[in-house]
J.: 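Sharing a structure below in structure tokens format, with a few things to ask.
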Amino acid sequence: MAAMTPGVLASFVHIDAATDAIRALKAQGHTDLTVYAPAPNHEIEEALDHPVSPVRLFTLVGGLTGCAAGFAMTFWMSDNWPLLVGGKPIATVPPYVVLGFELMILMGALSTVLGMIVMSVVNARKRVPFSERFTDDQIGVFVPCRADQAAALEGLMQRAGSVEVTHAA
Amino acid sequence: MRKLASVFGGTLLLTLAVAFLARDATASRQAAPVANDSLVAPTLTASDSAALKGPRQPIFFRHDIHAGQYKINCQYCHYSVSVSSEPGIPSMGTCMNCHLVIGGSDSSAQREIAKVRESYNSGTPVEWNRVYFLARYAHFPHMRHINALGPNACATCHGDVTRTPQVFKVNNVNNMGFCISCHLERNVSRDCSVCHY
Amino acid sequence: MSHAYTPSQTHAEVTRDVVATLGAPSRGYVMMLAGAVGLFLVGLFTFVMLLKEGLGLSGYSPPIMWSVYITTFVFWVGIGHAGTLISAILFLFRSQWRTAVYRATEAMTVFAVMTAGLFPIIHIGRQWIFYWLLPYPNQRYLWPNFKSPLLWDVFAISTYLTVSTTFLVVGLVPDIAAVRDQVSGWRKKLYAACSLGWTGSDNQWRHYTRGYLYLAALATPLVLSVHSVVSWDFAMSIIPGWHGTIFAPYFVAGAIYSGIGMVFTLLIPLRKLLRVEHMIVDYHFDNLAKLTLFTGSILFYAYAMEYFVAWYSGNTFEQVTFWRRAFGPMWWAGWSMIICNAFVSQLLWFRKIRVNLTALFVISIFINIGMWFERYVIIVSSLSNDYEPWAWGQLNPTWADWGILAGSFGWFGMYFLLFARTFPIIAIQEIKETIPFPRKRGGH
Amino acid sequence: MDETQESGMDRRRFLTVLGVTGAGTAALSGCSTDRVQKLIPYMVQSEDQVPGIPTYYASTCTECASGCGLHVKTREARAIKLEGNPAHPVNAGKLCARGQAGLQSLYNPNRVRGPRKRLADGGFADTPWADGVAEVAARVSAAGGKVAVISGAGRGTFSDLLAAWTAAAGGTVVRYQPFDHEPMRAANQQVFGVNGLPSHDFASARMVVSFGADFLETWLTPIENQRGFAASHGYHDGTMSRLVALAPRMSLTGMNADEWFDIVPGAEAAIALSMAQVILAERSSAPPDAVALRGMLAAYAPDQIAQQSGLTADQIRLLAREFVSTEPSLAVAGGIGSQHAGAAQVCAAVNILNYVAGNVGKTVRFGADLEAGDGYAALAALQRRMDAGEIAVLVVHDANPVYALPKSAGFAAAMAKVPYKVSTALVLDETAALCDLILPQSHALERWDDLRPRAGIRSLMQPVMEPVYDTLPAGEVLLRVAKAAGGALAGLPSGTWDDYLKAQWQAFGRSRGAGDLASWWVGVLAEGGVYDAPPAPSAVRLAASAQQVSGQSPAFTGEGEFLFAPSASPMLYDGRGADKPWLLENPDPVTKITWQSWIEVHPETAAELDIREGEILRLVSASGSLEAPAYLYPGVRRDVVSAPLGYGHTNFGQYATGRGANALDLLAAPGDAAFLPYVSTRVTIEKTRRYQKVAKTEGSNRQLGRGIAEAMPLAAAARGLTPEEAHHEAAGGPAHEINTPRELEAIAGFAAAQKVAATKGNYVGDHPQWGMTIDLAKCTGCSACVTACYAENNIPTVGESEVLRGREMSWMRIERYYEGGHDGEPLETRFVPMLCQHCANAPCEPVCPVYAAYHTPDGLNGQVYNRCVGTRYCSNNCPFKVRYFNWFAYNKKAFPEPLHLQLNPDVTVRARGVMEKCTFCVQRIRGAQNEAALAHRPLRDGDVVTACAQACPSSAIIFGDRMDPESRVARSAADPRGYHVFEETNVRPSITYLAKVLHGAEA
């Protein structure tokens, strides 16, 4: 496994401690933070203040495509070999709404999942240190930095109330 | 991981390709035979029949000699094809019309023709092996097709037998697409109940 | 009761308690699993016989061309509704109490729909060509008939299965990661693989929460549509007793009702089996019971309406059908459906009963039986006496019918039990979400 | 589909057996090669057989004594369907269910497959023909005249030869038919001094009174009767004839009667005489010699006999007056169902009634001399000689007396006293089982033969195919035996049977002055025989013995409180139908029960005795007992129980043996009676408290006012009202629109949609729209169409267990609905032939996920078997419930070899798991279209006739193109009586029913 990104990784138990740290770091111009949390948390989101995730675009596009595909398929197929059933029109909207709807949901959902995966992978920072407690009960804040900045940042973390600070070089 | 994916994808593509080729194959039909005045059938012996395509028959009957070289009209033997849904299998008597006198040029032919005479005299009909077997839920009125497409239309489905020493399955007549593509081309009915009842 | 309940006090406890459910299986669990597998084998044998001999083995007697199999199909589809309702709709409503139970119900949904999905194949005359219902390019140039409600069904059920499965899996990922970081050895490797490299970084959470929201948003109309489509299998026909405009809402309500019934039946024993009594508590059952009461009352209304409309329509066919439903040869089925669903559910007006697990369990059994009979009555009794009196007939099911029914329960139970042991049956991260982090300045 | 198709016999399977037309019994080896796909050529091409094109041969039906003409449809040298010969005067192209099922006696898997000889251990073993013939010859010559022959063969060249043969052997022949109408002949002798059966003209009779004569089932010539009855009783131009039935049980004839009186059993004679008395008393124009009867008849004034007859005096007077005032009228008697000890007197009384009403010579025509045997008395006499050991050699041909006589008659015991017995049975029946040698005869369709069923008719039979088994025509056997025996027998012709028969015909031809015999013969073969115009009725006068006619009701033996009146089953006839699946599965027209025998009990009686349907009852008489499930039938008197004849065979092949109970077991030994009195014993009912589901096809026998079987009063019909108008008139309100404006809108929308659809694909252009009308005023419920449908469309018989689950496959079913019947109103029966209605807005089509059910351009409701996946939604959604599902591989069980040879090669044999239904005989439509296309001409009206329409003896069914205003079907559908079933569902059926017409109060 390749070497870790140099930087400081601090673990927090207290939420406000973590948010203080984040705000302080951002104040100092450290923007590419990585913040681990066992559960999504509004305070952290506010502190980080990221733009809204673009996943919704995937949902929209997928849904529309699905709907279109549904209607296109049904109309084309019933017209491809016209067969009269029950005296009903060969190709007709009402029954095909169901299929349009179902395909809309299906493709919408699948493309949403795709979106989640793609987005997380694309924006993921590589080789960031991680501690197993972050999926348990602790919040982790990692800030990449040069060796000479490390001491200062460690101090910042401690002051914010970190329970454990490690320096990955 | 990546390897697995590529293998999977590859097989998928392959199957699709095969499927489409197969589909085209069913659609492609052999062209009607070109009128060739001087067709000479190759010399073959009964022993060669094993090497030829198609089921081996009790008698090495050669369409390429009868229909090709000697230009015997298909309907001379398949007598009911233009009037009935069934093409008709020539009776042993029909064979004997000629083979009473024609004994065969080479030894192999003589041996085969001897079988015909033997069967006729002993009154035990020859059991030909079926080559084309249309599924029983599809009804194919031969006469309608012969009357619509002409006496030589046989080749459309059965291939050019004037060149085949041993008849083999040229088209899978049980592929519905094989029928439909033709009905579409000629813009004739493809109503299900025309064939299926 | 409104403020957030706290079964485990801290995030650490939550992780610990849930991971504990994945420990060595108890004896009771093993026995139940064995039972489930046994039932499944019964069903498998029956199906093989059906393939070999033909559908005639089961008790079909014309004019009753659909009977136990379709009944059970609709039953399972119905079961499959509570899950998505709780996990998706209640998620949108931000109701906290769902967190403890939704994983279990969602798993139930997926496996119930998996079960239901088998029946369209089992019940057709030539099972080996069931795929002709799918629109795939073929050398015959033939396509399926999209006007047929059965085809809507194919699409609705498969969509629902796919979406609810993805919904379940997506919800699982962070929890699997949590488990991954608690266990060791080969199990760690397994969960690591399943966790898709989840770390809980801000970036992951950011897209995750959004995506989950939209999945919920899509699943919500879906869950309502699926049983509507199933109901149209009947409502689109002209059979008196099927041809009803209220069928869609009527079926959806029934589906949720039966689904929650099944949730009770599963959770009440399960929480003991997995020793999580302190995480799934009165609070949840109370709320579930209220939902049951609500949908149960809708059913009550729907039943009443069916009979009223039949009378009010002045249509002799309708009237005879419903008269015979209540007083005909199948009166017993008709009444057991009304009593088990419409009346029994009314007991839940009393809080004492809502929080009494024994009572709830008993009621839930009634609900399951009642809802199975509802479908049985709608399908069989309506078919047994429709337009043409000369063709009227009665059904007497055979071992082949019961064999498949039993098999379906086995098939369902098998997967559900295996799931409950392998993956966190209680949503770790969602519970954690409800527990505030400690603060350095003062408490909460 | 495919795998289950294999066992199905169809076009290509026929091809595999082509050659064997030249190769005799290789037939079976030929077609038993199931999967091996061989093409076997003819040895020599036969000029009248073209593969794929049916060849029709004229022949004659031997399933009863009527002697109807047949057209045998053959394909690739296999008989595949029996239809009526239009040229034949008796049946004019029509054929009953029994006649059509003759095909299943030809291909019956239980047929004796070759000569068989009894072994010491009692079993049978094959023996060569030569040995068999030699053995018989030896025995006959050794018998020294102690030879007797029992023959069921009708009058014809064979019976002549048989007579000559027996005479030469010094023996006696008894020509025996179980249903031989002895009472009628005795009565004709007594009243008119004529010993012969007259013909009855139902077609011209305006009023028919039946004194227990089941003329629509088994009485004389049922098809001819039905044709005539339907012609006169079927409504046309404001009129219809009238039928009154007097019988303790409502038979099929009773169900078709405008009035049915459940008279006291045995009172028929008294009533007939009473009517005659009224007529003579009130009418001067009676034949002069009839006046002499006044004295004798005085004793039968209505008031005298009213109380013991079950009719009021006024009813009798009314009947009598109407009978004489509607000319010509017709009274008939002598049915099996009322054949009690006094039956001869009943027929005599009815003769007198007809005579005084002036019907004799008009509707009753003597001189026709219908086919009749020697009667029971002759057989009884022979039995006494057998008992006395005066018979050394007994030959049984085409007869099964051991079954046809009550066990108490002891015929089997008598046979045991005969040292040597020979049978020519097709199937090893009860009688054949007791014989020492079986020389199986060829089936009527496998041999040359002829019949003279009545004066002026010579009807031919010709071999339409090679014998299925190693059998010979009985005539051939006789000649061979004669040759071998020598002696007096040597005098017989020396040639073969075929030569003999043809010689006879040539002699006949010469006698008719045929110039070119050869061409004459070809003509005769094509016509199926020689049919002279019926002879003018021979004038008859009352004989002196007419004075002795008495209206005494007969004494019934036994103590029980119920009279036992067995009914002659229209399907099984005298029992010979019991080995034919078609007849067993075709429901009894009255009770709708299949594959089972039953006991009919009146519902009220049942209530008293706490009997529920299906309880197995034991009927006990002095002579025996029988057990069968109870069937509650409102059409039987409260003090009468009835059970069908023809069941309870002890040895008659896999289908008949052990099926049901034999009603004859209850009867006492007839002793030296002149005929077998079927209605003679009283019985007690014993409840067994055991139950058995009755295999009936009837769900509910009431139509709950759903207008499925509509009927209207004659008056209303005459005024050209529609059934609906008639209803509203009766109800006193004006006709109201059944659809709301919204519904009408929707209906219009449907119509518009179809116009749009008609601009696409195959739907472009003009197509015929096939349609059908069914006239309920003509339909008698005889069910001939049902068997025709089975035969034409390869419909599998599913057997008792499946019928019990309601899984019968009859595409065409006859529904029988009751009206009235309680609190005083008379019980009325309505028959509705129900088949796929081929709806324009078919509910079954849109629900099929794979287009297996769809609408064809020519207006058919198509069903593509090989596309069907079997969701069965179509059947659920069909209001008429006319779709049938293959729950198992019925095609594998239903046609055991050689029954599979009967299958129609033009129709797919449906596989397991697919839905099937009536197709309007689409194979016939396509066939006709192909023919027309080859001839470059358009289809003409009448080119396509469905199997049911072709068979219907009442001609109640018309098929054709509804779009062609000139077509018969279009014109008939325009009849104001026309209506559609379940109109309110807007499914727009292609079948129009014409409402039944009822004689209202005006009667």
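In the text below, chain A, chain B and the rest are named by the order of the sequence lines, each starting its count at 1. Not measured: the values here are computed from a predicted model.
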J.: Measure distances from A:I117 to the heavy atoms of chain C and classify the residue's part below 4.5 Å as side chain, backbone, both or neither.
T.: neither
J.: Is it the backbone or the side chain of A:P89 that comes under 4.5 Å from a heavy atom of chain C, or both, or neither?
T.: backbone
J.: Any idea which heavy atoms bring A:Y96 and C:F146 closest together, and the distance?
T.: CE2-CB, 3.5 Å
J.: Can you name the residues of residues 189-203 of chain C that have some heavy atom under 4.5 Å away from a heavy atom in chain A?
T.: C:T199, C:G200, C:S201, C:D202, C:N203
J.: With only heavy atoms counted, which part of A:T112 is less than 4.5 Å from chain C, the side chain, the backbone, both or neither?
T.: side chain
J.: With a 4.5 angstrom heavy-atom cut-off, could you sort out which part of A:V121 is near chain C: side chain, backbone, both or neither?
T.: neither
J.: Is a donor on one side and an acceptor on the other found under 3.5 Å between the side chain of C:K147 and the backbone of A:I90?
T.: yes
J.: Counting only non-hydrogen atoms closer than 4.5 Å, does A:F101 touch chain C with its backbone (N, CA, C, O), its side chain (CB onward), both, or neither?
T.: side chain
J.: Measure distances from A:D136 to the heavy atoms of chain C and classify the residue's part below 4.5 Å as side chain, backbone, both or neither.
T.: both
J.: Please state whether the side chain, the backbone, both or neither of A:V13 comes within less than 4.5 Å of a heavy atom of chain C.
T.: both
J.: What residue, out of C:I428, C:T166, C:L222, C:D175, has the most heavy-atom pairs lying under 4.5 Å from chain A?
T.: C:L222
J.: Where does A:S131 contact chain C at under 4.5 Å (heavy atoms): side chain, backbone, both or neither?
T.: neither
